[in-house]
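One structure is given below, encoded as structure tokens.
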Amino acid sequence: MSQPRPDEFKPPPECPVFEPSWEEFGDPYAFINKIRPIAEKTGICKVRPPPGWQPPFACDVDKLHFVPRIQRLNELEAQTRVKLNFLDQIAKFWDFQGCTLKIPHVERKILDLYKLNKLVAEEGGFDTVCRDRRWTKIALQMGFAPGKAVGSHLRGHYEKILYPYNLFQSGANLMDSRDAKEHKLQDQPQRQPAQMPDTCPSARRAKRMKCEVGAAEENHTPKIYYYCLIYSFTDSCCYFMSSHGFETESSQTPFALQVDLVVCLVCNSGGDEDRLLLCDGCDDSYHTFCLIPPLSDVPRGDWRCPKCLAQECNKPHEAFGFEQAYRDYSLRAFGQMADAFKSDYFNMPVHMVPTELVEKEFWRLVGAIDEDVTVEYGADIASKEFGSGFPIPNGKIKVSPADEKYLKCGWNLNNLAMMKPSVLTHVTADICGMTLPWLYVGMCFSSFCWHIEDHWSYSINYLHWGEPKTWYGAPGFAAERLEGVMKKLAPELFESQPDLLHQLVTIMNPNTLMTHGVPIYRTNQCAGEFVITFPRAYHSGFNQGFNFAEAVNFCTVDWMPLGRQCVDHYRMLHRYNVFSHDEMVCNMALKADTLNVVLASAVHKDMVDMIREEQELREKMKKMGVLHFKEAKFDHLQDDERQCAKCRTTCYLSAITCPCSPGVLVCLYHINDLCSCPITNYTLNYRFTLDDLFPMMKAVKHRAELYDEWASRVTETLEAKLEKKKGLPVFRSLLAESESRLFPDNDLLRRLRLVTQDAEKCSSVAQQLLNGKRQTSVKSRSQLTVEELRSFVRQLYNLSCSLPQAPMLKELLNRIEDFQQHSEKVLADEVPSVVEIQSLLDVSFDFDVELPELPRLRVRLEQARWLEAVQQAHIQPATLTLETMRRLIDQGVGLSPHPSVEKAMARLQELLTVSEHWEDKASSLLKARPPHSIETLNAVAEKASGIPAYLPNCLLLKDTIRKAREWLQEASGSIPMVDSLSDVVLRGQAIQVQLEPLDKLESLIAQVQEWKGSAAATFLQKDSTLSLLEVLCPRCEVGNVGSPKRKPKKGKDSPKSNKKRTPRLNTLSDVEKALSETKDSTSAMATLEELRVREMEAFSNLRAVNESKLLPTADCMDLKVCVCQKAPMGAMLQCELCRDAFHSVCVREVTDSCETQPWLCTQCQQSEKPPLDKVLSLLASLRCIGVRLPEGEALHYLVERTVQWQHRAQHITETCNLPELEERPGSPPTLTRWVSGSHEAHSNTQVPHLLASLFTRPLEREGLNVEHRVKDKKHSHKRQKINRKSLQHRPTSSSSFPHSDFSQSDDSDEEMAVCPAESCQLPAGDEVDWVQCDGSCNQWFHQVCVGVTPEMAEKEDYICVRCTLSDGHMRK
């Protein structure tokens, strides 16, 4: 990146930029008042309206015509203009001598003659510099490199060009010298012939100002032209001295006279006619050798004698100003010209030129004396004549309904200046440029020079469209400093124009002003943005390209004192007023009742000063002898008709006139400048008498006295000193009072609020420092340094408010200093203690101050903690993992270097390397395929056990070895159940060690699976969903009927039993778990026997329920049977096992397949029935395998059960001498007839009772051959517990299927009750206990027949089997 040139422009800092919300944007004056404390510190600020605020451009582009101003850039800059004026004087001086000035080059740069002349003058003059040999010093001051003999070149150029001019300026007169004839010039170089340019670029310049600039040693010298003001010479008589070193040629004598009549005015001799020079102005004659220095030849061009030259130089100079262009532009034509200029200048499209490049080029051009760039600027175009860019009511441009809101918007510059908060509303006249906006049409480089607004008012500028406008501003407090810098650097300009800065024609580089201590800020104003300038804030700038802007002035209440100060300033400069300040104040006083309290207070203060001043001046007039007084309506006169003839101030309250000068008046300050008449002839013209002014002031005071009293107390509070300072509560009360009384937000209130806020912040910070509470959020604020704390303590005493924390902070400061001393002592120790460092850090937590010792303490603490961590890790190897070592090493790398840290790092690194080696070794052994032997692994584990670290892979290796040994011991024991065997195999497969018994055990598992497959193929039906264990084991659940024993109700205490209960086997998983947990076959058989007993009991209940369904009842058609759950009808089949009835149509396919076997329903027929010998072979093959499994135990029990049944059947047949049983008939038992309401049901079962007991045992009770039914009288439908002392018995016929007679009427008192239980035991005795069904049938049962105890009948509900099936209830 290239380095910027030393003289390259450096942009000043940016001014504030505000982006108001829509709410803030609604009131422009309130918003400006809000931002003023910030923005007035920079003089200018930029305001970006909220997004969407885009007023339409209402100016007629085609009808707008204007004549722009011509601006030559290098004439704008003050210092450049001074140099050009100086060069113009030098050129003028030599031009009158018939010579053309040629500015020389030194070191390939044009010689700055102005700077050279100024430096030589500061060093004491030409003679002094030559005598003291200071030319080298001057060369260095002019920026030339040392050691190149530049000083001798500068001396030569000064002697040839500047020295004669300075002699002429000094007024040296050598005309009396009588030995002029003898004065000879030796070794004079030939004067260059005059070279005049072909054309004149400026009509304001004479031809003497045309100077060819170039170095004598160059053949092709570039020509540039300078345009500068004529330099003002002194009034002393100056004599011309010819240029030393310029060759002159004799010119022909333009007249023919007698020689004795033409004599030299120096030597009074007419000799040497060819050496006599005749002045082209006055015809005086001089010898060339009588001139000092003498001329070697006669000049070619016009020559002026010293007297004529002095007259020319003493002519008054015209004031500098911008010329008007000769062309009248339309807006479109000006834009085309502007775009073409910028595009040609930068050789690129206008929109691609960076603003930074334009800015640097602008300031380069205004400071270059050898480049002349001319631009045009359409400035100060009256909007009243051509129309505003903002829409206005009844304007020429019609506004759409959507844009009508901009007509009354406060930011419309046509409205802003004359809104109620602006004091300019009290100025009666329309002031173009102040109360009426002005338009500005700019082009690239067109500029507005340093100036402040009229009457030091505010200004606001809006850029409607176009390229940006670059602004520079200085705050109002720096106005006098800026003026002083400009007067110091360019005094020549202010000598001729004291009010130069009010002419808007002079600019100065912001970098130069900043170098001299003037604060400057900048901004780029883009289209759609406002720029606001504040009172007395100097501002300037230039346009980046073609654009259109609009500006207006406005004044707020805070401007009032500055406005009166500005009038006094204008009086000193003899500058006219735009409006009368006194008239505006009086207009407001006459409307005192309509003013707000702030404005009334400001007007009252202004009137006090105004009346006091007026009273003093009038009394002075009376003392001076003014006798005549007259009332005058000054407000009826035009401003130019009532201006003071001396200071041009607009008079309003009073003025002095004299009859000798009608229409001429002066203010009371300049009574002596009116005329020469006696003062007694003067007349004091007044607008108001003092008696008129005092009531006006009183009215305003009455309006503002409430606010003034508050403001006085605020001022007194703010300006109190030392012990008179008030506390923070007083400031808060004043603020509260302003809010309760709705005082406006002005400077005083803002200052009070600011001081209060500062005091509260200082109090909060001080209290925080005292409490030692640090900010919890990261980087929420910067902590104070110790030095800043000292400064803060001093600032507490400088506040306008007294705070009680100040003495306490001083004590805190002493504690901090003690902490610093202790910290330095600890840090100096070679091996500091962690506890001591931590204690210091804990103490520092109480100091909310930035302490430089803290980082060092923390670094030392980290080192000490790390060393302790390393030592602790070595002490406890079990916790020293590889990750811990790496972490410690990483932490050690981040620590500051220290010998102890480096030593510990080396030990850790060595231990880490060894540990990683054995960890990798153990990991590779564990991952090896095939696995290594246990001996190999054990050898590695023993070697790794000596490393003092926690190595997980090595520990895993040891654990693997342990598991392998345990597994081998377990595998060598007895063979467990198949689940245990599978678990052993799985655990053996997970162990990464070569285990020899594992293959054998895996083979056993495969044989077991193969056996289970064979058993399943033998017992399971095709497409069966049942498991092999479910088929082989006795059933856990049979049908939908559970045990007749009933569970107790909730909330009732069940009878306690001391017997240990066996867990219920309710599901197949319970059975499988119980069988797997048995230790031997005996316990497994016991479990299966228990399950068989439950199965038989469940089948008994199911058979009883199903047989009871076949009993004739009145509502038999509601009975649901068969798989279709419909009423019995037609031919029915009965299952041999569960005794349920089925429609033959529904189970036809089933009956077809069961020709020789007893017919079983689909629920009862769960498996195939293989031959016993095949089953025995399966059992034998399982025994050969030698593994226990639940299916094998179930098969073993099934075989034993089958064999027992065979033995029992054989015993019965032998005991009863029964013949061999024939096979069953080919069709299942059939219920041939179903009659509703019959009292009997016939069965086709033909098996004798003893033989049937083989199939039904223990389904039927032995010894019960006769059923007795007893019928008792029922009194109600509710269940009752009754004890009968005497019972009536009536015998009933018995059959294989018990039946009951059901009563047809519940209301019969004489009907006897009969127990409807299927296996009624016919209890007898004095007392028989009955229980009533709580279901839908409400029938009575013997308690002993249904297995219900008296306690159960008393405490629990009883539901019979039939109701359980029909109503869907289960006994709980």
Side-chain angles (χ1 to χ4, degrees), residues 82-83 85-87 89-91 93-94 97 99 101-107 109-192 215-217 231 233-234 236-248 266 288-296 306 309-310 313 488-489 491-492:
V82 170
K83 293 180 181 180
N85 287 348
F86 177 76
L87 292 176
Q89 293 298 321
I90 298 295
F93 173 78
W94 290 115
Q97 304 307 307
C99 301
L101 175 63
K102 185 175 184 180
I103 301 179
H105 283 66
V106 177
E107 292 294 320
K109 294 192 302 183
I110 296 177
L111 180 59
D112 190 345
L113 295 176
Y114 172 78
K115 187 174 184 180
L116 176 62
N117 185 70
K118 188 174 182 180
L119 289 175
V120 172
E122 291 175 354
E123 292 293 334
F126 178 74
D127 296 334
T128 303
V129 173
C130 291
R131 183 180 65 250
D132 297 340
R133 300 181 179 180
R134 300 180 186 175
W135 289 107
T136 302
K137 177 182 177 182
I138 291 178
L140 293 176
Q141 291 177 343
M142 293 189 68
F144 294 106
K148 294 188 177 181
V150 180
S152 60
H153 293 289
L154 296 180
R155 173 181 176 176
H157 294 311
Y158 185 92
E159 190 174 8
K160 294 176 184 178
I161 302 174
L162 299 176
Y163 185 59
Y165 173 75
N166 286 327
L167 288 177
F168 167 73
Q169 284 280 60
S170 66
N173 186 357
L174 302 178
M175 293 297 184
D176 296 335
S177 177
R178 298 303 178 184
D179 55 352
K181 293 182 180 181
E182 300 177 359
H183 186 75
K184 303 290 183 181
L185 291 177
Q186 299 178 358
D187 300 330
Q188 295 180 2
Q190 297 293 321
R191 183 178 65 87
Q192 298 293 333
E217 60 270 14
Y231 184 77
F233 289 90
T234 61
S236 60
C237 180
C238 300
Y239 295 94
F240 170 75
M241 289 161 287
S242 176
S243 173
H244 178 69
F246 285 89
E247 179 184 354
T248 59
V266 177
T288 58
F289 49 80
C290 289
L291 298 173
I292 299 179
L295 296 178
S296 60
L309 183 59
C313 292
K488 175 183 177 182
L489 297 180
E492 300 88 348

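We use all heavy atoms of the structure for the numbers below, so side chains are in, but hydrogens, waters and symmetry mates are not. Only a predicted model underlies this, so the values are computations on that prediction, with no experimental measurement involved.
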Query raised in the report: What's the shortest heavy-atom distance between L116 and L154, and which atoms?
Result: CD2-O, 4.1 Å
Report task. Heavy atoms only: give me the nearest L140-P146 pair and the separation to one decimal. Result -> CD2-CB, 3.6 Å
Report task. Return the minimal non-hydrogen interatomic distance between V106 and F144, and the atom names on each side. Result -> O-CE2, 3.6 Å
Report summary line: Of all heavy-atom pairs linking I138 and V120, the shortest is CD1-CG2, 3.7 Å
Report summary line: side chain to side chain contact (heavy atoms under 4.5 Å, CB included) filter on T128, not counting sequence neighbours, yields R131, D132, R134
Query raised in the report: What distance separates L119 CG from W135 CH2, expressed to the nearest 0.5 Å?
Result: 10.0 Å
